[in-house]
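Mind looking over this structure? Questions follow.
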Amino acid sequence: YDDTGLANLDLDAIKGPKEEVAQIRRFWRKEYKQRTGLARKEQKEAAKKEVSTRQPIGIDDLPAGPVIQRPCEYRPAVDPSVAPAKALSREYSKWRKYDADAALLEFENEGTTEEGTQTRCMASRQSAMLCTENYTKDREEYDLDQDIAKQIGGLKQHLAQRLKDAAGLKLEGNKMLREGRF
């Protein structure tokens with residue numbers, strides 16, 4: 001503890017007669033030791049007071065009134081008559097095990113048949129395509145559709161940005177053409 005800043009002073013910075021300088025230095029050291037000792041004592045006393053005020057009150061120290069029996073009486077977890085409830089962990093485990101993709105696949109397959117309701121065949125010189133509608137998908141096909149949707153999403157964003165840039169350049173070119181700069 002140093003409220004005067006004596007610890008940071010350079011004791012060699014004092015000029016004057018050697019005897020007076022030595023006397024001043026002794027006084028400063030003595031004063032510094034006294035102040036730090038006093039500060040330590042105050043800190044210890046404050047710590048003791050804090051510990052004494054934080055000590056919990058014993059259960060026996062509190063006055064006890066009549067216990068009214070209720071159907072939902074609280075008992076702490078350390079009470080041996082209370083068995084840990086498993087209902088909460090059982091309900092959470094249902095959500096942890098829940099397969100959202102399977103639920104979406106089931107929802108998507110609702111109202112479909114194994115063979116499908118319509119089949120189209122399209123042919124051209126380079127390729128032929130068979131298209132079946134309203135058929136029941138399996139998990140592998142669903143996962144492939146999800147991957148394709150992710151890839152197409154990025155492609156759509158890229159294409160939209162390029163179209164936006166092209167439209168802006170077209171407007172700029174038309175403006176320059178009208179002004180006769182082109």
Side-chain angles (χ1 to χ4, degrees), residues 1-104 143-144 146-176 179 181-182:
Y1 179 78
D2 183 25
D3 62 348
T4 60
L6 293 176
N8 297 329
L9 291 178
D10 183 15
L11 298 180
D12 295 327
I14 301 174
K15 302 213 187 261
K18 289 184 180 180
E19 294 170 6
E20 289 181 19
V21 170
Q23 187 178 7
I24 291 171
R25 286 181 185 158
R26 279 194 302 268
F27 175 76
W28 281 356
R29 284 188 193 108
K30 179 181 165 187
E31 186 71 21
Y32 179 72
K33 286 179 184 177
Q34 285 177 352
R35 287 180 183 258
T36 55
L38 182 63
R40 283 189 197 124
K41 287 179 185 176
E42 288 175 358
Q43 287 176 349
K44 285 180 183 177
E45 289 175 10
K48 285 180 184 177
K49 286 180 183 177
E50 184 178 332
V51 168
S52 66
T53 58
R54 276 195 283 153
Q55 290 181 353
I57 298 172
I59 295 175
D60 298 335
D61 297 341
L62 297 175
V67 176
I68 301 170
Q69 297 296 328
R70 295 193 170 94
C72 295
E73 185 177 317
Y74 172 76
R75 291 190 183 123
V78 295
D79 190 352
S81 67
V82 178
K86 305 229 181 207
L88 191 59
S89 63
R90 183 178 60 239
E91 293 300 318
Y92 277 124
S93 68
K94 284 182 186 177
W95 283 108
R96 274 182 281 201
K97 294 176 184 175
Y98 183 73
D99 188 4
D101 289 332
L104 288 171
D143 290 339
L144 285 172
Q146 294 298 315
D147 290 341
I148 290 170
K150 285 181 188 174
Q151 298 299 325
I152 293 292
L155 185 63
K156 282 181 181 178
Q157 284 180 334
H158 181 70
L159 188 60
Q161 184 62 44
R162 293 200 53 181
L163 288 172
K164 183 179 175 183
D165 293 344
L169 291 173
K170 180 184 175 199
L171 289 173
E172 185 179 339
N174 288 341
K175 182 180 174 185
M176 290 174 71
E179 292 174 354
R181 291 192 289 160
F182 192 57

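The residues of the chain are indexed from 1 along the displayed sequence.
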Rounded distance [0.5 Å steps], CD1 in I148 versus CG in D143: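 The CD1 atom of I148 sits 11.0 Å away from the CG atom of D143.
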Distance from H158 atom NE2 to L163 atom CG, nearest 0.5 Å?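 Those atoms lie 10.0 Å apart.
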What's the separation between atom CD1 in I24 and atom CZ in R29, rounded to the nearest 0.5 Å?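 Nearest 0.5 Å value for the CD1-CZ distance: 12.0 Å.
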Verify whether one side chain among D165 and Q161 offers a donor that lies under 3.5 Å from an acceptor in the other.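 Judged by distance alone, the side chains do pair up.
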Determine whether K170 and N174 make a side-chain contact, defined as any pair of heavy atoms from C-beta on separated by less than 4.5 Å.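 SC-SC contact between K170 and N174 confirmed.
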Is it the case that the ring center of W95 lies less than 6.0 angstrom away from the ring center of Y92?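 For Y92 and W95, the ring centres are not under 6.0 Å apart.
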Charged N to carboxylate O under 4.0 angstrom, K41 versus E45?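 Salt bridge: no.
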Count the heavy atoms of every other residue, nucleotide or ligand shown that sit under 6.0 Å from CD of Q23, and state whether that count exceeds 12.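 Result for CD/Q23: open.
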Evaluate R35 against E31 for side-chain contact (heavy atoms from CB on, under 4.5 Å), listing each step before the verdict. CA-CA 6 Å; R35 287 180 183 258; E31 186 71 21; 3.0 Å; yes
Look at atom CD of Q34 and say whether more than 12 heavy atoms of other residues, nucleotides or ligands are closer to it than 6.0 Å.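 Yes, because the 6.0 Å sphere around CD of Q34 holds more than 12 heavy atoms from other groups.
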Does the side chain of L155 come within less than 4.5 Å of Q151's, by heavy atoms?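 No. Closest side-chain heavy atoms not under 4.5 Å.
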